[in-house]
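Hydrogens, waters and symmetry mates are skipped; everything else that's a heavy atom, side chains included, is used. Order of appearance sets the numbers: ligands from 1, and atoms from 1 within every ligand. Given the structure is predicted, the values throughout are model-derived calculations rather than measurements.
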Amino acid sequence: MRTLVVGAGGREHVLCHRLAESGHEVLAAPGNPGIEEIARLLPGTLDVSGLGDLVARASAEAVDLIVVGPEAPLVDGLVDRARSAGLLAFGPEAAAARIEGSKAYAKEVMERGSVPTARAVCAKDLDGGLAALREVGERCVVKADGLAAGKGVVVAQEPGLAERAIRDCFSGRFGAAGSTVLVEEYLEGEELSLLVVCDGNSFHPLPAAQDHKPIGEGDTGPNTGGMGAYSPVPSVDPNLEERVLDEIVEPTLWSLRKDGIEYSGILYCGLMLTPDGPKVLEFNCRFGDPEAQAVLPRLTGDFGELLASAARGDLDPSVVGVSPDAALTVVAAADGYPESPRRGDLVEGLDEAGEVEGAVVFHAGTRRTEEGIVTDGGRVLAVTGVGADLQAARDVAYSAVDLIDWPGKYVRRDIGYRALPAG
Ligand code: AMP
Ligand code: GLY
């Protein structure tokens with residue numbers, strides 16, 4: 001197949017990598033310098049004004065399958081446009097992508113399906129927000145309703161923080177995304193990401209992963225898009241997976257159907273494993289980043305055909321298998337991330353890191369210049385190690401990421417700590 005991956009980050013790099021490894025031709029728009037080594041890049045912007053051109057290019061290239069990485073073009077209707085142009089596209093249409101695009105809508109869907117999730121109170125203005133805070137209590141999580149590039153969630157770890165976050169949202173910091181705010185009960189437990197491939201009718205879970213969202217070791221400090229991930233997760237046994245599918249995935253898809261939505265693409269279930277069982281923290285309408293960099297390297301077989309069959313509405317899970325190997329991904333971030341990452345620092349050691357056996361270096365925020373590859377975003381690289389177990393995978397990932405350097409490079413040293421002894 002001739003495939004086109006839409007996006008420019010680490011998740012899109014691993015999508016390209018897996019499609020290429022399963023023997024497909026890969027195009028990417030707009031891609032990045034790492035993707036360029038394995039795919040032909042097409043120009044394009046992912047804002048809503050560029051989506052028409054993107055579909056026209058895909059048609060002109062006679063692409064067999066479009067795979068959309070990030071949430072924004074999904075919410076903006078890229079898959080709807082591609083399907084209208086007669087192209088096969090993997091991902092939810094705009095109405096379905098609202099499950100990520102509006103956290104208030106996701107709560108409505110969950111409520112209708114009796115899906116276990118944190119109790120939340122929605123507010124449309126500051127007075128309502130402060131009333132919601134009084135109702136839920138100081139130990140809470142404040143969330144902007146709309147897409148805020150992973151920055152719209154504040155876990156109130158100290159007094160006063162929740163109120164500040166509510167005031168921040170209503171002061172317009174997130175634009176329209178913050179005009180509705182959810183104040184949510186704080187849930188305690190271990191987090192889990194389950195990526196479920198859906199075809200509008202049936203579904204198939206990929207191996208579970210655990211992400212590390214906070215910037216600091218021991219899960220401290222502000223949230224980021226994700227500083228590292230690993231798969232498998234030892235605390236997930238077949239019973240737990242079954243429970244998530246029965247209590248969360250099935251009723252969510254059922255509830256979406258009540259709105260006329262046959263969900264197709266990835267349903268990313270962000271879960272908290274609480275003493276009362278798994279509860280939903282969030283749904284995303286796409287592969288997780290960096291979860292994809294830890295999950296996809298474990299899939300054997302034809303990953304492209306898995307996605308194509310789902311996009312056709314005829315999901316065939318038998319085209320892939322799961323390797324017993326473990327994978328662990330470490331994100332290397334720029335100085336100042338997540339608030340204000342510095343750009344333009346020269347990255348050294350990429351080739352050496354790529355030669356470490358079992359390691360793959362995925363580019364996330366990089367740019368090619370005459371001097372070489374420079375940093376160009378908050379999360380700069382995601383380095384995945386694959387090994388016989390998590391310990392081996394971690395050793396590979398850190399030995400590769402430690403060969404890479406730039407001024408101010410930041411890496412969490414404890415990825416996988418819940419599953420592994422420190423070291
Ligand atoms: P979200 O984008 O909604 O998943 O939130 C980002 C991160 O904030 C999650 O991965 C959790 O680490 C944390 N979080 C979100 N909601 C809650 C909650 N109700 N209780 C505890 N932590 C949460
Ligand atoms: N790593 C979290 C996400 O992709 O939303």
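Note that CG of L267 is 11.5 Å distant from CZ of R286, once rounded to the nearest 0.5 Å.
If you look at D211 next to ligand 1, there are no close heavy atoms at all, none under 4.0 Å. Of the heavy atoms in E291, only side-chain atoms (C-beta onward) come closer than 4.0 Å to ligand 2. In E185, the part holding a heavy atom less than 4.0 Å from any atom of ligand 1 is the backbone.
Where the criterion is an N or O separation shorter than 3.5 Å, residue side chain and backbone included, R379 fails it with respect to ligand 2. Taking only nitrogen or oxygen atoms, main chain and side chain alike, K213 does not reach within less than 3.5 Å of ligand 2. Any N or O atom pair closer than 3.5 Å counts here, and F287 shares no such pair with ligand 2.
Near K213, meaning under 4.0 Å from any of its heavy atoms, are these atoms of ligand 1: 9 (C), 10 (O). Applying the 4.0 Å criterion to heavy atoms of P290 picks out, from ligand 2, the atoms 1 (N). Set against the non-hydrogen atoms of M272, the atoms of ligand 1 under 4.0 Å away are 21 (C), 22 (N). Taking every non-hydrogen atom of G225 and a distance limit under 4.0 Å, the qualifying atoms of ligand 2 come out as 1 (N), 2 (C). Using a 4.0 Å cut-off to heavy atoms of D211, the atoms of ligand 2 that qualify are 1 (N), 2 (C). Near V155, with a cut-off below 4.0 Å to any heavy atom, the atoms of ligand 1 are 8 (O), 13 (C). The contact set between ligand 1 and Y186, taken as ligand atoms under 4.0 Å from a residue heavy atom, comprises 20 (N), 21 (C). Those atoms of ligand 2 with a heavy atom of G288 less than 4.0 angstrom away are 4 (O). Against a heavy-atom cut-off of under 4.0 Å, A118 is close to the following atoms of ligand 1: 19 (N).
Looking at R98, its side chain never comes within 3.5 Å of a backbone N or O of Y105 through a donor-acceptor pair. Put simply, the side chain of S309 gets close to the backbone of D316: a donor and an acceptor are under 3.5 Å apart. Side chain of R11 to backbone of Q293: no donor-acceptor contact under 3.5 angstrom is found. The closest donor-acceptor contact from the side chain of H24 to the backbone of T3 lies at 3.5 Å or more, if one exists at all. Although no hydrogens or angles enter the test, the distance criterion places a donor-acceptor pair under 3.5 Å between the side chain of T375 and the main chain of G344. With hydrogens and angles ignored, the 3.5 Å screen pairs no side-chain donor or acceptor of T384 with any backbone N or O of T329. Formation of a donor-acceptor pair under 3.5 Å by the E291 side chain with backbone atoms of D289 is found in this model. Looking at D302, its side chain never comes within 3.5 Å of a backbone N or O of V319 through a donor-acceptor pair.
Of the candidates T117, V153, L187, L187 brings a heavy atom nearest to atom 21 (C) of ligand 1. Counting heavy atoms only, E191 comes closest to atom 12 (O) of ligand 1 of the residues E282, E191, K103, R119. Proximity annotation for atom 15 (C) of ligand 1: of K279, E100, K143, K143 comes nearest, heavy atoms only.
Between E184 and the options K107, R119, R139, a salt bridge (Lys or Arg N to Asp or Glu O under 4.0 Å) holds for only K107. The one candidate from K409, R342, R343 that meets the side chain to side chain donor-acceptor pair (under 3.5 Å) condition with D335 is R342.
Between F287 and F90, the angle of the ring planes lies from 30° to 60°, which puts this pair in the tilted group.
With respect to E282 and K213, a salt bridge is recorded, a charged nitrogen being found less than 4.0 Å from a carboxylate O.
Of the protein's heavy atoms, R286 NH2, 2.9 Å lies nearest to atom 5 (O) of ligand 2. Distance from atom 8 (O) of ligand 1 to its nearest protein heavy atom, with residue and atom name: N223 ND2, 3.1 Å. Among all non-hydrogen protein atoms, the one lying nearest atom 17 (C) of ligand 1 is L281 CD2, 3.4 Å.
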